[in-house]
Amino acid sequence: MKRPVLVNNEIYHVFNRGVEKRIVFDNDKDRVRFIHDLYEMNDALPTLNNRYWLPKKDQYLEIQLPHTPYSREREKLVDIFAFCLMPNHYHLLMRQIKEGGISKFMQKLGTAYTNYFNLKNERVGPLFQGRFKAVSVQEDRHIRHLFNYIHVNPLDLFMPEWQENKLKNFQKASEFLLSYRWSSYPDYIGKKNFPSVINKSWANNIFGSTQAYRENLKEWLLNMKNDTNEPQSFIIKL
């Protein structure tokens with residue numbers, strides 16, 4: 001896949017998976033560490049690459065992420081609008097706000113998490129499959145499509161039939177997505193999860209209220225078709 005030129009104020013779907021499709025998030029402590037890094041590494045100035053930091057007992061259950069105390073405001077590299085962590089891959093929807101911001105952020109994020117993961121598991125070498133992948137998203141309907149696609153990805157673990165447009169029980173699907181902490185979906189429907197990571201105001205201008213977004217996702221999920229005009233997202237199979 002040829003990576004687009006990454007320019008300021010454009011929206012991109014960014015994703016990657018584990019090398020050889022390996023599991024990269026073994027447990028909740030791994031997942032909260034990666035989400036912690038989504039926040040910490042989003043800074044134009046050098047940040048602490050604390051590869052020794054591990055969530056303490058039950059710390060991953062807390063709403064607020066632990067973070068390095070700053071004597072200044074962060075100079076964010078990107079706006080993160082949506083994210084989802086799966087066992088062997090991740091999805092991000094983001095906007096670049098500083099020149100070279102996405103590349104710098106992804107380099108810091110990948111290095112920080114790989115160092116942590118390798119130290120914890122006594123391994124060496126790359127953890128992710130090459131450099132991150134990115135798809136430019138420009139049309140409003142494509143943004144809406146990817147917003148929903150990223151948030152329903154966890155259904156692969158519970159109701160994989162959604163990929164074939166065969167989902168029949170939206171209520172059960174919705175309950176599962178709400179209980180799945182490792183995405184930005186709960187924050188968008190009114191359940192505080194990891195609110196410091198994402199910029200909600202931009203998406204709220206598109207979708208409106210939390211109820212409106214829930215209805216939008218329901219309609220998309222129950223009526224999803226294979227549309228060749230939709231963005232060619234890199235769908236990663238588990």
Side-chain angles (χ1 to χ4, degrees), residues 1 3 6 11-42 49 51 53 55 60 65 76-96 101-118 120-121 126-137 143 145-158 160 162-163 176-177 179-188 193-199 203 231-238:
M1 177 182 294
R3 182 182 301 171
L6 304 174
I11 311 297
Y12 298 91
H13 177 204
V14 176
F15 45 91
N16 208 345
R17 67 181 173 193
V19 64
E20 298 177 343
K21 301 183 182 181
R22 66 154 295 147
I23 300 296
V24 293
F25 305 114
D26 285 326
N27 52 46
D28 285 352
K29 289 188 176 183
D30 286 352
R31 287 179 273 273
V32 81
R33 169 63 197 232
F34 189 85
I35 294 172
H36 167 269
D37 287 345
L38 286 177
Y39 177 87
E40 285 288 330
M41 301 303 147
N42 190 8
N49 179 4
R51 59 182 182 160
W53 181 82
Y60 62 88
L65 291 172
K76 292 200 303 181
L77 296 163
V78 298
D79 276 327
I80 299 173
F81 299 127
F83 69 86
C84 178
L85 276 56
M86 296 291 284
N88 74 345
H89 66 276
Y90 61 81
H91 295 276
L92 304 169
L93 188 65
M94 65 174 68
R95 172 173 62 195
Q96 180 166 287
I102 289 180
S103 294
K104 184 174 183 179
F105 170 66
M106 295 305 297
Q107 188 274 329
K108 293 172 70 176
L109 177 67
T111 299
Y113 185 75
T114 298
N115 285 347
Y116 150 81
F117 189 91
N118 284 355
K120 186 187 72 134
N121 293 287
L127 178 61
F128 294 102
Q129 187 173 294
R131 298 187 67 195
F132 66 91
K133 316 303 186 293
V135 175
S136 176
V137 190
I143 292 172
H145 169 85
L146 279 170
F147 220 90
N148 291 328
Y149 170 76
I150 289 170
H151 282 159
V152 303
N153 228 242
L155 287 182
D156 282 354
L157 306 174
F158 182 62
W162 79 271
Q163 291 271 17
F176 175 78
L177 293 175
S179 70
Y180 190 84
R181 294 203 63 204
W182 317 114
S183 90
S184 48
Y185 177 72
D187 283 306
Y188 279 103
N193 195 34
F194 297 109
S196 58
V197 172
I198 57 175
N199 178 346
Q232 297 301 304
S233 303
F234 187 72
I235 300 176
I236 304 172
K237 299 297 184 181
L238 297 178

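For clarity, every value in this text was computed on a predicted model and none was experimentally measured.
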So which heavy atom on [X] is nearest to which on [Y], and how close?
X: Leu38; Y: Ile80; answer: O-CD1, 4.0 Å
X: Asp30; Y: Asn27; answer: N-OD1, 2.9 Å
X: Asp37; Y: Ala112; answer: OD2-CB, 3.7 Å
X: Tyr39; Y: Ser196; answer: CD1-O, 3.5 Å
X: Asn153; Y: Cys84; answer: CB-SG, 4.0 Å

Flag, side chain of [X] to backbone of [Y], donor-acceptor distance under 3.5 Å:
X: Ser183; Y: His151; result: no
X: Asn193; Y: Ser184; result: no
X: Asn88; Y: Lys21; result: yes
X: Lys133; Y: Arg131; result: yes
X: Thr111; Y: Lys108; result: no
X: Asn42; Y: Val78; result: yes

Nearest-0.5 Å distance that lies between atom [atom1] in [X] and atom [atom2] in [Y]:
X: Ile150; Y: Phe81; atom1: CD1; atom2: CZ; result: 11.5 Å
X: His91; Y: Arg17; atom1: NE2; atom2: CZ; result: 10.5 Å
X: Leu93; Y: Ile143; atom1: CG; atom2: CD1; result: 7.0 Å
X: Met86; Y: Leu157; atom1: CE; atom2: CG; result: 4.0 Å
X: Lys120; Y: Asn118; atom1: NZ; atom2: CG; result: 10.5 Å
X: Gln96; Y: Asp79; atom1: CD; atom2: CG; result: 11.0 Å

Heavy-atom distance under 4.5 Å between the side chains of [X] and [Y], does that happen here?
X: Phe194; Y: Arg181; result: yes
X: Met106; Y: Asn16; result: no
X: Leu109; Y: Phe34; result: yes
X: Trp182; Y: Pro154; result: no
X: Tyr90; Y: Val24; result: no
X: Leu92; Y: Tyr12; result: no

| request: Look at the aromatic rings of Tyr116 and Tyr113 and report parallel, tilted or perpendicular, splitting at 30° and 60°. | output: tilted

| Once the angle between the rings of Trp162 and Tyr149 is folded into 0 to 90°, is it parallel (under 30°), tilted (30 to 60°) or perpendicular (over 60°)? | tilted

| Given Gln107 and Ser103, is the side chain to side chain donor-acceptor pair (under 3.5 Å) satisfied, shown in steps? | CA-CA 6 Å; Gln107 188 274 329; Ser103 294; over 6 Å; no

| request: In plain terms, say whether Arg31 and Asp28 are close enough for a salt bridge, that is, a side-chain N and a carboxylate O under 4.0 Å apart. | output: yes

| Is the Tyr185 to Tyr188 ring centre distance short of 6.0 Å? | no

